[in-house]
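Throughout, protein chains are lettered first and strands after them, A, B, ... in sequence-line order, and every chain is numbered starting at 1. All values below were derived from every heavy atom in this structure, side-chain atoms included, with hydrogens, water molecules and symmetry-related copies excluded.
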Amino acid sequence: MTGITGFGGYIPKLRLNRMQIFQAMGWFAPAVMVVAQGERSVCNHDEDALSMAVEASRDCLRGTNKADVEALYLCSTTLPYADRQNAGIVKTALNLRDDVLTADFTSSLKAATTGMTAAFDAVASGNRKCVLLTATDHRRTKGAYFYEMWFGDGAASVLIGSDNVVAEFKGSHSVSHDFCDHYRGAGYTFDYMWEERWARDEGYTKIIPEAVNGLMKKLGITMNDVTKLVFPCFFKAEHAGIAKKLGATPDKVMDNMHEACGETGAAHPLVMLVHALEQSKPGDRILLASFGNGSDALLFEVTENIAKLPPRKGIGGCLADKRKIQNYEKYLKFRDLVQFEMGIRAEAGGRTAMSTLWRKRKAITGLVGAKCGKCATPQWPPMKICINPECRSHGVFEDYEFSEKTGRIVTWTADMLAVSQEPPQLYGIIQFDEGGRMILEFTDCEQKDVGVGNPVALSFRKRYFDKDRSGYQGYFWKAVPRKVERKEAGG
Amino acid sequence: MTGAKYAHVEPGKEVESIGGRYVVQKETTVKYNGRDVLVVFGCALIDRSCCGAGGVRYALVPGYVLSLKTETAPDGSPVSSVEPVEDERDREALRETIERLEPYCQVNFM
Amino acid sequence: MAAGIRDQVVILGMGCTRFGERWDVGAEELMVEAFEECMEDAGIETKDIQAAWLSTCIDEVNVGKSALPLPVTLRLNNVAVTRVENFCASGTEAFRGAVYAVASGAYDVCLALGVEKLKDTGYGGLPGAGANAGTLNWLWFPNLTAPGSFAMLAQAYAAKYGIPEKELKLAMAHVSAKSHANGAKNPKAHLRREVSIDKILASPIVAHPLGLFDCCGVSDGSACAIVTTPKIAKKLGRKNLVSVKALQLALSNGEEIQYGKWDGSHFVTTDKCSTEAYKEAGVKDPRSEISMMEVHDCFSITELVTMEDLHISERGKAPKDIVDGFYNADGKIPCQIDGGLKCFGHPIGASGLRMLYEMYLQLLGRAGDRQLDNPRLGLTHNLGGFPFMNVCAISIVGKYEG
């Protein structure tokens, strides 16, 4: 039996309420009111498709033995590098084995389901025992139009293998069509969209059923055999119409998640699937279809093992863990859609030394430190001589991963002078619960969330972008404080 | 219920430090729980500090007004008697009130 | 066994420029301004200088690399010149080079000069190092500033001793107010205006919990010293000699941000450095023996905590000493008697030598309106870096007894 053996998700915490968009831009584009329900997820200024992919992958891998992963497929249309394997960066952040197959599946909104089909082929062939597949997208749109309203940012991950399958893979059917409801040339930032009415009538309405019907015919089933129909379509009416045409009653149709977070591009089929799995029970048959230059349809049957999965945050957990972005202008700034004067001090930057990055890749990208072989003190960055003043032994270390460790704030500040995308800049010293200490920037929080002794967890984030040197995007880790109930002053 | 003194800084007159300067723009009272709370709004420009440059908009809350400008400090500034706002819930409520009055203020309680 | 260099080297002359936003001059002119005063004070000629030490930190925005800017500007006689840099402790580091050269017997007369021209950058504040901070540091070091880093010291100190924020802010306000009162009497200071405690307490926050008046500023300036042996100084007819009693350095080893022991509330380095300095100078009870101090008041909290790390205030008791006026001009141990970094600003390479300049003037009775009554021992504390990773340099100077 081949299938999904685990899953995870990541929707960024920030939400832009669609009415915030309308209030800012309604004077220019009043019609967007039509889709102004709910909220869309927004990457923080230090997040992108790749950082979200790491977070979703981490969620998926929790409670598993990641040494079992033999391949990592990364699926997205908005990866930072055209040439530097993005999946390789994720692999390093996750500290997977070196002898893994990594691949980027890009250039289509159906990349996730295409990647999944390839993963099932790999596992079924016996060549890969376990594949980690992550889909992610951070689609950029120009302001004041429908797409800004429809889209959200997000990522989801699945483990594909044969051990303890939670959702058995029953089969797939793919169609490929060079149907350009939109396109984006290499090196360009924004998509070029063709007429929505044509996209709906000639694209979604024809191509999704083609794949779904093809799958059902191949497997000899009908929609009566399907418990949940899962496919992305941000045109609400057409989404319902396609489902109806396919013979699915409304209770069988997975909501397109417009109000909850918006459509997350190439990630969305997987985001919807993971969310469906979180709410499923053994015996459920889930039919998944994508849409993007064709369509892949896949059928799954949930097994008893779904109850045995170790807890994870998943899509449901991320949807519940949210905070409203302060205003539309902040959204514009975080997405580089507007130019603010950052001042000369912001010019301080420079070239990244590839040779240093290579030598220190595990420590920097993977946050792998060292545990002293003599005194067992965890330490970061890993250096040649032990930090423990009682030890100071030379070169007797083993790798020690810090990324999943939790810690507490020793001290912190809110700095109004540091160059920042969102002043004040928050940072502090973290003491890890199991040993070790670091000085880190904080993210996904406000000043009132921070205090001496507050607990933190770690998150993989963008660090700096070098636009003068072929678009180098650097990454590092930050601490995410968790709010603690405050004591009354003088109490 | 401890009393304190607040020496009013003259609005419109820059107070200079080695790192920058601040200026009080206006003083007002805000009603809270039936009492008047003194709130002083100002701006600071930090353009000479070591390691950094920036600016802030701030609201300083000396406290509940006990008596307004009834004394004088040695340098001639009028001095009021105030009761500092100590309770964290009161501070939180006042922060929200101030945010509605004047957005993007750093709110500091004396 | 080495016992230090107490009373082996004396200061023959010193000079110090007016510190400030010196739009009128560059580093070259500043060097000459300090040098001319120093040479006149020392009563020697350029050809008498046998070796020199140049202190400048952010050379890329002022003089450039190597020690060459010094001998080229001052037209020295092809002598040995060394450039030193140890962040904000560079000034004391240059002094140390010159003093050890004389103490070792390698040279008779040496020059130490610190200069920093920070106002040609085109913007306020110190330049960010960016990728020049080191190829590895560039990959991970947080985007922080000095105000933010020292603000963390304040948070940790308050948490450790259970001091309410209001109380700490009052003590810090006293630190600043007293420095400004002192600096108002100093014609060479950048800012020469008294500021009331009320005005300090009413100022906004820059990096929580530090306010506008808790932070020092950026300035241009230069200071220099000429040192020699007591024997040579006496031969030149010098009567009252200012002697070097101790010169110590202590640097962090990474434990503060990598190991779990440090609680963030004090300077591991200053604690050790001052102990060594007192040993070298033969000081048994600093609280009763030190007459005056110039410490690195980049931030009020630095000065506050340093009083304890210098073993003068007891742990947790510095705020009380400060508010009691112990460190005021009319207190037991006047601190920042020239106004400190709060009034001079901080031209990085020059500050350590500017501190020595005031101690020197005080010991010779030449401090004008700021003159203290018969001071015996002066301590300078010059700190580079951050509370969690730093260079601490301490000097003790006093009347020559030999």
Side-chain angles (χ1 to χ4, degrees), chain A residues 343-353 355-357 359-360 363-365 367 369 377 379-381 383 387-389 409-420 424-429 431-432 435-441 447 450-453 463-464 466 474 476-478 489-490, chain C residues 121-160 164-166 204-210 212 215 253-265 268 386-389:
Chain A
I344 301 181
R345 302 195 79 248
E347 286 172 19
R351 192 184 307 119
T352 305
S355 45
T356 307
L357 179 67
R359 286 196 308 271
K360 299 292 181 181
I364 299 291
T365 309
L367 209 65
T377 303
Q379 45 206 279
W380 193 96
M383 296 179 84
I387 191 69
N388 181 354
I409 298 175
V410 175
T411 185
W412 64 277
T413 189
D415 186 343
M416 283 302 293
L417 297 186
V419 173
S420 172
Q425 181 88 355
L426 300 165
Y427 49 90
I429 296 177
Q431 180 67 26
F432 289 95
R437 168 180 284 204
M438 287 184 71
I439 182 164
L440 289 166
E441 291 176 34
Q447 189 171 334
V450 185
V452 172
R463 179 170 159 82
Y464 58 78
D466 191 349
F476 192 58
W477 297 78
K478 293 187 182 178
Chain C
T121 54
Y123 52 87
L126 290 175
N132 292 327
T135 59
L136 180 54
N137 287 335
W138 179 231
L139 295 176
W140 73 271
F141 202 73
N143 173 27
L144 47 75
T145 65
S149 304
F150 285 83
M152 291 205 274
L153 174 71
Q155 299 269 50
Y157 181 87
K160 174 165 186 157
E165 191 176 293
K166 217 192 325 217
I205 304 283
V206 161
H208 188 87
L210 301 185
L212 188 59
C215 307
N253 60 16
E255 277 177 46
E256 292 96 322
I257 46 164
Q258 284 187 257
Y259 191 62
K261 208 162 68 176
W262 183 61
D263 60 12
S265 71
V268 169
F386 309 106
F388 52 79
M389 184 157 326

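Between the side chain of A/Thr413 and the main chain of C/His208, a donor-acceptor pair closer than 3.5 Å is present.
No other option in C/Ala131, C/Gly125, C/Ala154 has as many heavy-atom pairs under 4.5 Å with chain A as C/Ala131. Considering only heavy-atom pairs separated by less than 4.5 Å from chain A, the leading option among C/Gly260, C/Gly264, C/Ala159 is C/Gly260. Comparing A/Pro424, A/Ser355, A/Pro381 by heavy-atom pairs within less than 4.5 Å of chain C, the highest count is held by A/Pro381. The candidate with the highest count of non-hydrogen atom pairs below 4.5 Å against chain C, out of A/Ala348, A/Ala418, A/Ala414, is A/Ala414. Chosen from A/Gln431, A/Met416, A/Arg463, the residue pairing most often with chain C at heavy-atom distances under 4.5 Å is A/Arg463. Chain C forms the most heavy-atom pairs under 4.5 Å with one residue out of A/Arg359, A/Arg345, A/Gln447, A/Met438, and that residue is A/Arg345. With chain C as partner, the option from A/Phe476, A/Phe432, A/Trp412 having the largest number of non-hydrogen pairs under 4.5 angstrom is A/Trp412. Of all the listed residues (A/Val452, A/Leu417, A/Thr365), the one sharing the greatest number of non-hydrogen pairs under 4.5 Å with chain C is A/Leu417.
Of the two parts of A/Thr377, only the side chain, counted from C-beta on, holds a non-hydrogen atom closer than 4.5 Å to a non-hydrogen atom of chain C. In this structure, the portion of C/Phe388 lying under 4.5 Å from any heavy atom of chain A is its side chain and not its backbone. Looking at A/Glu347, neither its backbone nor its side chain comes within 4.5 Å of chain C, counting heavy atoms on both sides. Looking at C/Asp263, the atoms closer than 4.5 Å to chain A (heavy atoms on both sides) all sit in the backbone: N, CA, C or O. At a 4.5 Å heavy-atom cutoff, the contact between A/Arg351 and chain C is made by backbone atoms alone. Using a 4.5 Å cut-off between heavy atoms, A/Leu440 contacts chain C through its backbone alone, with no side-chain atom that close. In this structure, no portion of C/Glu165 lies under 4.5 Å from any heavy atom of chain A. Heavy atoms of A/Glu441 lying under 4.5 Å from chain C belong to its backbone as well as its side chain.
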Pairs under 3.5 angstrom only: tabulate donor-acceptor contacts from the side chains of residues 137-147 of chain C to other protein residues two or more places apart or in another chain.
{"from": "C/Asn137", "atom 1": "ND2", "to": "C/Ala133", "atom 2": "O", "distance (Å)": "2.9"}
{"from": "C/Trp138", "atom 1": "NE1", "to": "A/Tyr464", "atom 2": "OH", "distance (Å)": "3.4"}
{"from": "C/Asn143", "atom 1": "ND2", "to": "A/Val419", "atom 2": "O", "distance (Å)": "2.7"}
{"from": "C/Thr145", "atom 1": "OG1", "to": "A/Asp415", "atom 2": "OD1", "distance (Å)": "3.4"}
{"from": "C/Thr145", "atom 1": "OG1", "to": "A/Asp415", "atom 2": "OD2", "distance (Å)": "2.3"}
{"from": "C/Thr145", "atom 1": "OG1", "to": "C/Gly148", "atom 2": "N", "distance (Å)": "3.1"}

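Across A/Pro389 and C/Tyr259, no two heavy atoms sit closer than the pair CD-CE2, 3.5 Å. Pairing each heavy atom of A/Gly428 with each of C/Met152, the nearest pair is CA-SD, 3.5 Å. Taking every heavy atom of both residues into account, C/Cys215 and C/Leu210 meet most closely at SG-CB, 4.4 Å. Here the closest non-hydrogen pair linking C/Thr121 and C/Pro127 is CG2-CG, 4.0 Å. Counting all heavy atoms, side chain and backbone alike, A/Ile429 lies closest to C/Trp262 at CD1-CZ3, 3.7 Å. The two residues C/Ala151 and C/Ala207 have their closest heavy-atom pair at CB-O, 3.4 Å.
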Item to check | Derivation and outcome, side chain to side chain contact (heavy atoms under 4.5 Å, CB included), residues C/Glu256 and C/Val268 | outcome: CA-CA 8 Å; C/Glu256 292 96 322; C/Val268 169; 4.0 Å; yes
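A donor atom on one side chain and an acceptor atom on the other are not found under 3.5 Å apart for C/Gln258 and A/Arg437.
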